Number of protein chains: 2
Amino acid sequence: MLELRNRIRKKNLHGRIKHVEDVIPLFKNGMNIGWSGFTPAGYPKMVPIALADHVEKNNLQGKLKFNLFIGASVGVETEDRWASLDMIDRRWPYQTGKNIQAGINEGRIRMGDRHLSMFAQDLGYGFYTKDNNGRLDIAIIECSAITENGGLVLTASCGAVPEIVQIADKIIIEINTSIPSFEGLHDIVEPVNPPNRLPYLISRVDDRAGSPYVRIDTDKIVAIVESDRPDNGRAFSEQDDTSEAIANNIIEFFGHEVKAGRLPRNLLPLQSGVGSIANAVIGGLAKGPFSGLKVWTEVLQDTMLDLFDSGKLDFASTVSLSFSVDGFKRFYDNWDQYANKVMMRPLSIANHPEPIRRLGCIAMNTPVEFDIYAHANSTLVGGTRMINGIGGSGDFLRNAYLSIMHTPSARPTKTDPTGITCVVPHVPHVDHTEHDLDVLVTEQGLADLRGLAPKDRAQEIITKCAHPDYKPLLQEYLDMATKDCLARKAGHEPQLLDRVFKMQVNLAKNGTMKINNWEI
Amino acid sequence: MLELRNRIRKKNLHGRIKHVEDVIPLFKNGMNIGWSGFTPAGYPKMVPIALADHVEKNNLQGKLKFNLFIGASVGVETEDRWASLDMIDRRWPYQTGKNIQAGINEGRIRMGDRHLSMFAQDLGYGFYTKDNNGRLDIAIIECSAITENGGLVLTASCGAVPEIVQIADKIIIEINTSIPSFEGLHDIVEPVNPPNRLPYLISRVDDRAGSPYVRIDTDKIVAIVESDRPDNGRAFSEQDDTSEAIANNIIEFFGHEVKAGRLPRNLLPLQSGVGSIANAVIGGLAKGPFSGLKVWTEVLQDTMLDLFDSGKLDFASTVSLSFSVDGFKRFYDNWDQYANKVMMRPLSIANHPEPIRRLGCIAMNTPVEFDIYAHANSTLVGGTRMINGIGGSGDFLRNAYLSIMHTPSARPTKTDPTGITCVVPHVPHVDHTEHDLDVLVTEQGLADLRGLAPKDRAQEIITKCAHPDYKPLLQEYLDMATKDCLARKAGHEPQLLDRVFKMQVNLAKNGTMKINNWEI
């Protein structure tokens with residue numbers, strides 16, 4: 001309690017300190033709720049968990065449902081538990097967890113899947129809560145501290161907090177006293193709606209555009225709750241041979257581009273997604289020939305600490321620190337070493353096309369699959385089943401200097417170790433188009449598509465990226481489609497619509513995408 | 001000749017004035033060529049036409065082929081004639097004309113279809129001419145004048161000229177003395193590659209970011225040719241009842257948004273495509289209740305002059321003036337009235353996500369078709385046959401405050417006046433994704449998709465936008481797909497991949513998309 005009071009430096013707010021049970025009555029069925037948090041870091045725990053306990057204890061499943069707006073995913077002990085208790089009606093713009101995914105794909109939870117940069121601004125414009133006069137009823141924000149002037153010092157992420165607090169009628173603060181204060185690590189600009197917006201004056205990754213605090217109307221704070229719960233740290237994705245082969249292909253390509261004069265010797269600011277391939281790439285860079293690196297990304301994982309330690313990474317801008325429990329310990333224990341090389345920014349800056357294009361980021365992300373013309377599916381397995389959402393991949397891939405997608409060339413099914421090809425004739429759902437992607441990579445090789453027309457692109461992708469088990473099938477499809485479409489004088493980008501998804505249909509029926517032939 | 005010399009104010013360049021025949025020997029088979037020009041305005045005519053005459057006269061068809069890089073489309077008397085003479089190998093990033101389209105769809109011309117903002121920068125980065133060390137061999141630029149310092153004053157468009165002259169080894173200038181000098185109307189920033197780029201300090205549509213001239217290394221000018229050929233003015237697209245109904249739906253929506261406080265009373269900067277619907281919208285605004293309007297767009301058509309004359313339009317920023325012959329006369333005859341309300345900018349500014357997002361543009365474009373989940377096809381009929389290219393539609397629709405697509409709900413085939421539905425279960429080619437679009441409009445109605453999850457979105461689109469002839473078929477598909485996918489616990493965005501393109505296949509076979517049923 002002493003530490004809590006010390007963290008609330010605007011003293012007249014001490015009177016709003018409450019026990020978590022006291023805020024439960026503020027929540028009514030059907031409310032629009034915004035949380036802090038991003039890919040699970042910096043999200044509120046005390047109030048969401050208390051609400052879940054309240055629902056569970058009083059058998060209120062389905063009777064206390066909310067529309068939930070959060071920068072991206074948060075810990076499974078919060079939103080996923082809410083989903084298991086039927087506490088979520090609408091969820092924007094991203095999520096993780098088995099229960100919430102089941103709810104979405106079984107039709108119980110309505111999810112909106114938007115580019116993260118667009119989510120932040122459209123939420124702020126009131127587009128998602130039109131029926132509620134563009135407002136959120138309650139915001140729940142995890143903070144490190146509140147300054148003398150009532151500025152909010154956030155914790156391990158920025159997410160969409162600036163927009164959420166702006167359109168919220170009431171704000172509940174969770175001050176997390178179990179972790180150090182992150183004061184000074186955030187860069188926040190108060191959102192202003194068009195036509196009165198100004199440029200972000202960021203020309204270098206370490207430039208600051210705004211202030212270290214989120215400025216709010218403190219009258220809206222209805223409760224301040226102490227939190228002693230740490231983030232549910234991200235488990236580390238193990239690297240494997242496939243990931244390392246992909247990473248090697250990418251790092252070799254960087255070397256080639258530097259040699260050709262198309263990349264500076266310290267590359268350009270790196271954006272890297274999450275998972276084993278991203279870890280392998282960052283791991284490869286830590287051992288690689290490039291130094292003076294910069295990172296402009298959404299999420300820092302543990303491997304980024306290795307890259308700092310290698311002496312090759314100068315600065316990292318991110319939306320969140322998504323470390324494992326060990327990673328956080330390492331960060332806290334070596335605070336002085338890391339903290340002045342890291343800045344956290346909200347989605348409205350970090351994912352905004354403006355700095356991404358200006359800085360010339362190198363974007364690297366993993367899709368579900370891509371097709372022979374370089375359209376990629378990042379969200380819907382089989383074209384219909386939601387995994388997590390598009391996240392920021394579109395923000396980065398559309399605006400990067402180099403847009404790279406990487407995936408294993410094939411994945412196993414229950415009956416076939418290469419039953420799924422990640423290189424298909426036509427993705428059943430498109431999140432990134434042929435107009436956006438420059439380079440596709442698998443463990444088989446790297447296809448540099450810059451300057452290639454569709455048919456040349458298809459040949460390059462099949463040759464360089466496809467798994468040998470699928471190469472003949474894909475080549476046969478391309479040849480057949482090309483012949484058919486050119487004969488019909490409609491062959492810019494050949495496809496055969498009467499059989500284009502034959503591999504996917506076969507997978508659903510027979511557990512493998514290996515079809516016998518392309519006959520209808 | 002006197003006028004030509006007067007226009008070349010850097011006097012030592014007078015020695016480089018040449019007859020057009022003298023430049024022909026500069027051109028060799030296989031060269032990479034860049035032109036000025038954009039949606040046909042401000043493009044070179046003398047040299048391209050002389051080259052075409054040369055090929056025709058000397059039977060050089062297929063023996064003098066070029067890779068052609070131009071901001072967008074240019075007059076049919078140039079690129080389309082080149083196509084008919086087999087003078088084009090590669091063409092980036094957009095085109096118009098029957099011969100060039102035939103060449104592309106029959107496999108003789110390789111076209112690259114990129115977002116225009118990305119085309120400009122990637123061309124400048126050398127991505128499209130990697131095999132030529134990132135260089136263009138020759139640039140041909142139409143100019144109004146050359147300043148004392150060697151700055152190029154462009155004509156009726158800016159296109160990708162700043163990038164083209166930067167990477168060109170040789171530059172040929174066509175000074176068009178048959179039209180007034182456009183000096184002062186352009187806003188040019190010299191392209192700088194990452195990591196050294198700076199913000200565009202544009203916070204209002206009429207802010208200037210750069211200089212009125214294109215700065216070049218004048219040593220690269222190998223010839224200056226006088227031009228007496230005007231632009232091949234754009235024919236005016238007639239409005240019809242369908243276009244007017246669509247326009248009315250949009251203008252009513254604007255009124256609703258102003259009332260709800262989500263748009264200011266003078267709206268936000270408008271981007272509007274070309275064609276009859278765009279003309280109807282602009283015509284509707286000229287008669288409508290909104291004043292103090294601003295335009296931030298790619299192309300000004302004749303109707304924009306009407307909007308100026310109505311007193312409701314304050315300022316327009318554009319890439320080109322794409323008037324009819326009469327429209328240009330009107331512009332020239334009333335120069336003082338229009339010229340200080342217009343600024344022309346290159347793709348690298350006008351189409352850049354940075355100003356589009358900051359200003360909060362309202363983007364309005366016509367697709368080939370859209371689907372029930374709000375993916376749109378803007379480029380490939382039947383998923384394979386190229387029309388023109390994506391142009392700047394993706395630059396605007398991804399980054400706008402409001403992203404609107406408008407189309408008639410149905411189109412005729414030879415045998416059926418509503419044989420094609422423009423609302424389909426799944427577009428066969430995706431240029432704009434569900435993550436990007438806010439509002440879809442047909443003459444049937446307007447679907448406001450903001451805040452809707454996929455299944456709700458599908459219902460809204462079918463109800464509001466589909467043609468009555470197709471409504472039952474689309475509803476049946478949605479219901480059937482929903483039932484099937486939810487049962488498989490894969491129903492975030494229901495589709496039936498085994499029959500999703502049945503309407504399109506039926507169109508190819510039977511000349512209508514009206515299928516009897518959805519059975520396989």
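First the proteins, then the strands, lettered A, B, ... as listed; each starts at 1. Basis for what follows: all heavy atoms, side chains included, without hydrogens, waters or symmetry-related copies. Predicted model, so just to flag it, every value in this text is computed and none were measured.
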Select, from [options], the one with the greatest count of heavy-atom pairs under 4.5 Å involving chain B.
{"options": "A/G360, A/A260, A/A490, A/G491", "answer": "A/A490"}
{"options": "A/M111, A/K294, A/Q101", "answer": "A/M111"}
{"options": "A/M386, A/H115, A/R110", "answer": "A/H115"}
{"options": "A/N399, A/L380, A/V500", "answer": "A/L380"}
{"options": "A/R357, A/K455, A/R204", "answer": "A/R357"}
{"options": "A/C361, A/P194, A/G126, A/G382", "answer": "A/P194"}

Is it the backbone or the side chain of [X] that comes under 4.5 Å from a heavy atom of chain B, or both, or neither?
{"X": "A/L359", "answer": "backbone"}
{"X": "A/R262", "answer": "side chain"}
{"X": "A/L452", "answer": "backbone"}
{"X": "A/R91", "answer": "neither"}
{"X": "A/V430", "answer": "both"}
{"X": "A/L437", "answer": "backbone"}
{"X": "A/N266", "answer": "neither"}

Chain A contact via [X] - which portion, at a heavy-atom distance below 4.5 Å:
{"X": "B/Q504", "result": "side chain"}
{"X": "B/D456", "result": "side chain"}
{"X": "B/F501", "result": "side chain"}

Which value, rounded to the nearest 0.5 Å, describes the distance between [X] atom [atom1] and [Y] atom [atom2]?
{"X": "A/F127", "Y": "B/L449", "atom1": "CZ", "atom2": "CG", "value": "12.0 Å"}
{"X": "A/S117", "Y": "B/R398", "atom1": "OG", "atom2": "CZ", "value": "8.0 Å"}
{"X": "A/H426", "Y": "B/H429", "atom1": "NE2", "atom2": "NE2", "value": "7.0 Å"}
{"X": "A/E354", "Y": "B/R358", "atom1": "CD", "atom2": "CZ", "value": "4.5 Å"}
{"X": "A/L263", "Y": "B/N193", "atom1": "CG", "atom2": "CG", "value": "10.5 Å"}

Do side-chain atoms of B/R90 reach the backbone of A/A453 as a donor and acceptor pair under 3.5 angstrom?
no

Which atom names give the shortest non-hydrogen contact between [X] and [Y], and what distance separates them?
{"X": "A/K489", "Y": "B/R385", "answer": "O-CD, 3.5 Å"}
{"X": "B/T384", "Y": "A/C485", "answer": "CG2-SG, 3.9 Å"}
{"X": "A/P428", "Y": "B/L497", "answer": "CB-CD1, 3.9 Å"}
{"X": "B/H492", "Y": "A/I104", "answer": "ND1-CG2, 3.3 Å"}
{"X": "A/R114", "Y": "B/E434", "answer": "NH1-O, 3.3 Å"}
{"X": "B/D431", "Y": "A/T433", "answer": "O-CG2, 3.7 Å"}

Go through B/V427, B/L268, B/V192 and name the one with the most non-hydrogen pairs under 4.5 angstrom from chain A.
B/L268

Can you check whether A/D122 reaches B/D438 side chain to side chain, under 4.5 Å on heavy atoms?
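Side chain of A/D122 against side chain of B/D438, heavy atoms only: contact under 4.5 Å found.
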
Is there a side-chain contact between A/E493 and B/D113 in this structure, where contact means two heavy atoms from C-beta onward sitting under 4.5 Å apart?
no

In sequence, state the C-alpha distance, the side-chain angles, and the governing distance for B/M118 and A/H435, and then conclude on side-chain contact (heavy atoms from CB on, under 4.5 Å).
CA-CA 9 Å; B/M118 208 177 290; A/H435 314 295; over 6 Å; no

Applying a criterion of heavy atom separation less than 4.5 Å, what residues of residues 195-202 of chain A form contacts with chain B?
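Counting heavy atoms that sit under 4.5 Å from chain B, the residues of residues 195-202 of chain A involved are A/P195, A/N196, A/R197, A/L198, A/P199, A/Y200, A/L201.
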
Is the number of heavy atoms from other residues, nucleotides or ligands within 6.0 Å of NZ (B/K98) greater than 12?
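No - once you tally the heavy atoms of other residues, nucleotides and ligands closer than 6.0 Å, there are 12 at most.
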
